[in-house]
Every structure is written in C-alpha cells, then in structure tokens.
Asker: 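Below is a structure I'd like to ask you about.
Keep in mind that what you see is a predicted model, and the values were worked out from it rather than measured. Numbered from 1 within each chain, the chains take letters A, B, ... in sequence-line order.
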2 protein chains.
Amino acid sequence: MAPIRNARVLFNSIPTGYPEPGKTTIYDAMTTIDIDNVSLNGGFVLKTLVLSIDPLMRGMMCSPETIAYPRPYLVGQPIIGLGIGVIVRSENADVKVGDHLYGFLTHEEYSVWSNLDWLRVIKREHGLPWSVYLGAAGMPGMTAYMAWKEHSKAKKGDVAFVTTGGGPVGSFVIQLAKLDGMKVIASAGSEEKVKFMKDIGADVAFNYKTTSTEEILQKEGPIDMYWDNVGGETLDLALKYASVGAQFIECGMISGYNGSQKPIENLFLVIAKSISIQGIAVARLEDKYRTGFYDNVPQKIARGEIKYSEEIVKGLEGVGEALLSVQKGTNKAKVIILVADEQE
Amino acid sequence: MAPIRNARVLFNSIPTGYPEPGKTTIYDAMTTIDIDNVSLNGGFVLKTLVLSIDPLMRGMMCSPETIAYPRPYLVGQPIIGLGIGVIVRSENADVKVGDHLYGFLTHEEYSVWSNLDWLRVIKREHGLPWSVYLGAAGMPGMTAYMAWKEHSKAKKGDVAFVTTGGGPVGSFVIQLAKLDGMKVIASAGSEEKVKFMKDIGADVAFNYKTTSTEEILQKEGPIDMYWDNVGGETLDLALKYASVGAQFIECGMISGYNGSQKPIENLFLVIAKSISIQGIAVARLEDKYRTGFYDNVPQKIARGEIKYSEEIVKGLEGVGEALLSVQKGTNKAKVIILVADEQE
C-alpha cells in the first residue's frame, strides 16, 4: 500500500488565555504514513477511531517545566488526549490486528507505538458505540463514579450542588446524587444543557449565564455537598451557602484555566462551618475501582439506567474549535472527535 | 459587706486592624458590686479566677450582624472569653458556694448569672493549677486532641508541618504528631517559642520571622500533614510543598484576622495532588470526646507526658495588651489572665 494521509493536530504555541484554533493548535493534513513499511521495531500501528476533548487538556498546554496532568504538550508535536484506536499492524506479541486500545493518544489519524506503557486493551460491549467509552463509560464517568464511591457522604434528603451538570462528569454525578436520595441543584451554561439536567433528574437546574447562582443557592440551599468543576466565584458562593459539616469535592476549576480567577474570599468559612474539601484525580482511584466500573456502568448505560449526552465532531480538523468550545462552555455536550469509522 | 470594686474590660469600638488597648477595649475600675445584696433572682455570683486570651477573640470584635464564633462583643459591654470562676453566693440549687465553673465568662472580677446555660462545673485534679484548664487541659488542648482523634491520618514517618507551634494548640499537636511517629516541622514567631518547640520534640523548629518558610519546606518537605493556624501565605506554601494525598487540618487563619490576607493562589493544587482539607471547630467535637479528654489529658500533663508553656498576666488591666500580643504573636506562650488567686 502506498503512503496515505496521516492528518494530525500540532501544538503550536502556549496560549495566554483561551486556546486559539490555528494559532495555539494547527491542523496539519500534509503528513503521510506508509503503514505497511513504516519501521516498527517490535511495536504496532494504531488507527485512531475516537478522541475525547476534555477540560484537562488546557492544563497540558503549558511550558514543559510546569507540573501538568498527565504531561505538557510539546510545541511542534501532536497534542495528546484520551482516545480509542484499533491496531492495523503489529510486531508486538501482546496485541494483534483488530485489538482496540484505550489511553492518551496523539491526535493523529495513525500513530506508531513501541509498547503498551500508556495504553490498555479495551472491549466494546452491550452494543455501545466507542464514543461512550470516552464519556459516561470512560474517564469522565470513572471520575464521577470512583470519586463518589471513595468519598461521598451523601445522605437522603441532603442537598447537592453540581457544577457543569451538562458535562459528562457533572451529569453522572447528578444521577448518582439522585440515586442516593439527594435534592440536586445543577448549573450549566446553556438552555440545552439545562433541559438535559432536568431530564436526568436535577431538582433545580439553571443556566448560570442568565440566572444568579447566588439567588439560587440562597433560595434552594444551604448545600450539604458541592461538586466543583469550576472553582473561582462559584466555589466562593458554595462556601457562603454551605451547611455546617458540608462536603466539597474538588474535581476541576475550569474558570481559572484560561486566565486569572477571582481569588477565594470565603476560605475561612471552612473553619467556621467545619467543611471538608477533597481534591480528586481519577488516575489515583482507577486501580481500586476499574473492575467494578466496567462490570457495572456500561451495562447500566446500555439499559438506559445511566443517561448521557454527546456532541460528535467529525475529523481532526474540528479539534481546535472543540478545544475552545469546551473551555468556554459553548459545547452542547460531551465532545467526541470521530476520526474514523470502524468500517472505513 | 460593703460594695467592693468590680473592675472589668469593656468593648469600646470595632477594630479595623489590630485591636488597640485603650481604644477598642477599655479597662474600667470604677464599677462596684455589693455581693451580699445584689439581686440574684435564683442565680449566683461568680468570682473570676483565670481568663484565657485566645486568637478567636478577634473574631468576636465584629459588628453584631456578622457571624461570629461564638458571639460578637457589644460596645459598652464587657468582653467575653473562656475562663474559670468560683461561686461566692448562690440561690441556684444546682450549684453552691465554692463550686468552680468553666465557660465563656464576662471579663469582670465578679459576674452575676441567672443560670448555667453557658457554664459547666469543673474540677481541678492532679495538683494542676487552674490556668492549665484553660490551655493544655482546656479549649486549646481539646482542639488539638479532639481534632486529632477525629481526623488524623498520621502514619509513622510522615512529615507534619505545624504552625503557631509555640501556642497551646500547636504545641499539643507537635506532641501528638511525635507520639504517632511523624517527622515534625514547626514554626513560631520568636526564639523562645522555637526553643520550646524543640524541647517538646519538633524535629525542625524555626522562627518564620527570621527564616524563610519556603526554604524550610523545600528542604524538609514535602509535607503529608499541614496543621493550619495561620492561613494566607503559609497555607499557600503548604499547598505548594504538600505531597500527593496530603491532609490539611484548618484550625485557624490568624494572618487574616487583623486585615486583609494574601489571596490563596495554589488552591488548584488540591486537585492536582488529591489533597484533603478539613475545617475543625472544637465545639462540634466536644460532646463526643470530652469524657475521654478529661480522663486522660490532665493526668498526662501532671505526669509531664504532655508539656505546656504559659505566660501569666496579673489583673484585668493587662487584657488589652494581651489581646494585641496574641494577635501579633508577640506573646511568649499561652496567655492567661490571673484575675484572682483562690485564697484571696
């Protein structure tokens, strides 16, 4: 087979504020790959199927000296994100053509790997599409499920406040909170997301861009649990309207990822109200809960017992805009880049 | 008996920064009390023996509308603080002359009470002076002991960083951490306190006014536990030099009590490092641990197994300066106002 196109998304410069498509990242369709003849040295070639656009990717757009989770992007190199691909050629005895791999993939149509250090085999079950294994049945779903298992002190009748409730983590948390009998207040940045949050059971769902978060919390609080994906001013308000002994789960602080964030003024209330704050990172919980997660969650999703919402973007050329929309919250739902259909 | 002097300390104005002796509080020696004839209506007269000067008293110097722990001072009225007194006249069947009472007392030589709602009977044992029942065997000791029992995840060999380690809470925490086999880094604001922290077992004791906290933490950290009594910049540094999974116990933030505090910049590290932060208030732990505390701690203090340090100030006329010194950290140790000796 002759060399074929191997389009990719390159990191081009470190953003100062929001990522800028065409400037901080560049879509490059000029590279090719000769799949049959590329030198593998015992490795394999992966054909990318789906890629996830996650808030945490902004954290990887930093200088290499900065601590980043899981690692900083390098200028001139493809960006990296969670994804699933299928092996199209292998010299590695542990994996064969047709196996599917999950992990942090380079944003390329095809990638050459020397080993499985950053990847693991994944199986698709219950007729779910691969995209779901990057959302409700993937890292975001694991984040919600595993942190809830590990830390939640939810009690029936308690009030939870969930931010970015239209996203894949927040929407999963809303459903877990409802399963535990909580009253759920949920915020998101569009009417479409508000509708989705109501559909999945949020008792109070509001658009923080058009409704005052403070007025909602004043009326519907105090809150016993705060699931934080945004930080900044919303975190400050959550402290203000928290009950004594409230539990805060710190999952993300996206309001500060793209510029300076309003400093927290109410941190002393942690003492006044005996609040607990728990920072979470799914990578540190996966070993403990992965088996339980895959045994339960995909099946529940297939049965409709856990609902999800996604926005499919076709082709790597859409990555730049997708990165921006996820940071700004203008995305409609969990954003998945469909790089290639299995059949192609 | 003729009317006798009943000196007191009045709250005079709400401080904008540090409390100012003679301005925000006033010593008043002009009032008298006729102990034998004052109308009690079923209450009792308490003679004040010892009063505690605690950091939290700054929080009570606020406008009455503000949430304060446990309650705001009222201009023109005596200030309030933890103390111990002895009953000198009683019409209440539950208490008799000679009984000792502990609680938030008014800063007066004698006070008239209608009931025991804010007070409880306390017994002195093991030959300890009453002052100790306001320090290591009082609220500060309870704070350290009860929060440690309830929350500590200390493991042998872990590194703890304790602030205000020369004070009654911090010095107790240093000793608890050493009992659990931790390496203890401790900070305070004078050479005298540094010496005391070393005497009670701190592995690394330093004067934060003359030594860089950051250099110490860089060299001796990362820290697995942070006991915070100060907040602000030190809290920010503790986040920076915390290990993955570190535990923060938020007991006080005195650096912000007397003016604006440097905003926290490193709060996002709570997520990056899966840090847990627990706010504590001894009032919410007392019911659970009080019996255990009094059964154990006074005895251990009497045996020298728990060490303490105190600075005795004689007479209510010293309260104003004492309030200021505790806020500035220029006190030598736990400050006790000796209002009257038992024998007088």
Asker: Are any of the side-chain heavy atoms of I264(A) and L267(B) separated by less than 4.5 Å?
Answerer: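 When only atoms from C-beta onward are counted, L267(B) and I264(A) do touch, with a gap below 4.5 Å.
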Asker: Hey, could you give me the CD/OG distance between Q278(A) and S276(B), rounded to the nearest 0.5 Å?
Answerer: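 One gets 5.0 Å once the value is rounded to the nearest 0.5 Å.
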Asker: What part of L235(B) gets within 4.5 angstrom of chain A, counting heavy atoms only: side chain, backbone, both, or neither?
Answerer: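 The side chain, not the backbone.
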Asker: Please name the pair of heavy atoms, one in I271(A) and one in M253(B), separated by the smallest distance, quoted to 0.1 Å.
Answerer: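 Nearest heavy atoms, I271(A) then M253(B): CD1-CG, 3.8 Å.
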Asker: Within a reach of under 6.0 Å around NZ of K149(B), are more than 12 heavy atoms found that belong to other residues, nucleotides or ligands?
Answerer: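 No, not enclosed.
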Asker: Measure I275(B) against the heavy atoms of chain A and call it side chain, backbone, both or neither at under 4.5 Å.
Answerer: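 Contact with chain A: backbone only.
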Asker: Which residue out of G256(B), G279(B), G245(B) racks up the most heavy-atom pairs below 4.5 Å with chain A?
Answerer: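 Heavy-atom pair counts peak at G279(B).
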Asker: Give a yes or no on this: more than 12 heavy atoms of other residues, nucleotides or ligands lie within 6.0 Å of atom CD of E233(A).
Answerer: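 No, CD of E233(A) has 12 or fewer neighbouring heavy atoms, counting only those of other groups under 6.0 Å.
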Asker: F293(A): which residues meet the ring pair (Phe, Tyr, Trp, His ring centres under 6.0 Å) condition with it, sequence neighbours left out?
Answerer: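 Testing F293(A) for ring pair (Phe, Tyr, Trp, His ring centres under 6.0 Å), a comparison that skips the adjacent residues, returns Y145(A).
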Asker: Tell me the closest heavy-atom pair linking A272(A) and R284(B), and the distance in Å.
Answerer: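 Heavy atoms of A272(A) and R284(B) come nearest at O-NH2, 2.7 Å.
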Asker: Where is the tightest heavy-atom contact between P263(A) and P263(B), given as atom of each residue plus distance?
Answerer: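 Heavy-atom minimum between the residues: CB-CB, 3.4 Å.
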Asker: Measure the CD-OG distance between E150(B) and S274(A) for me, rounded to the nearest 0.5 Å.
Answerer: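 Going from the CD atom of E150(B) to the OG atom of S274(A) covers 9.5 Å.
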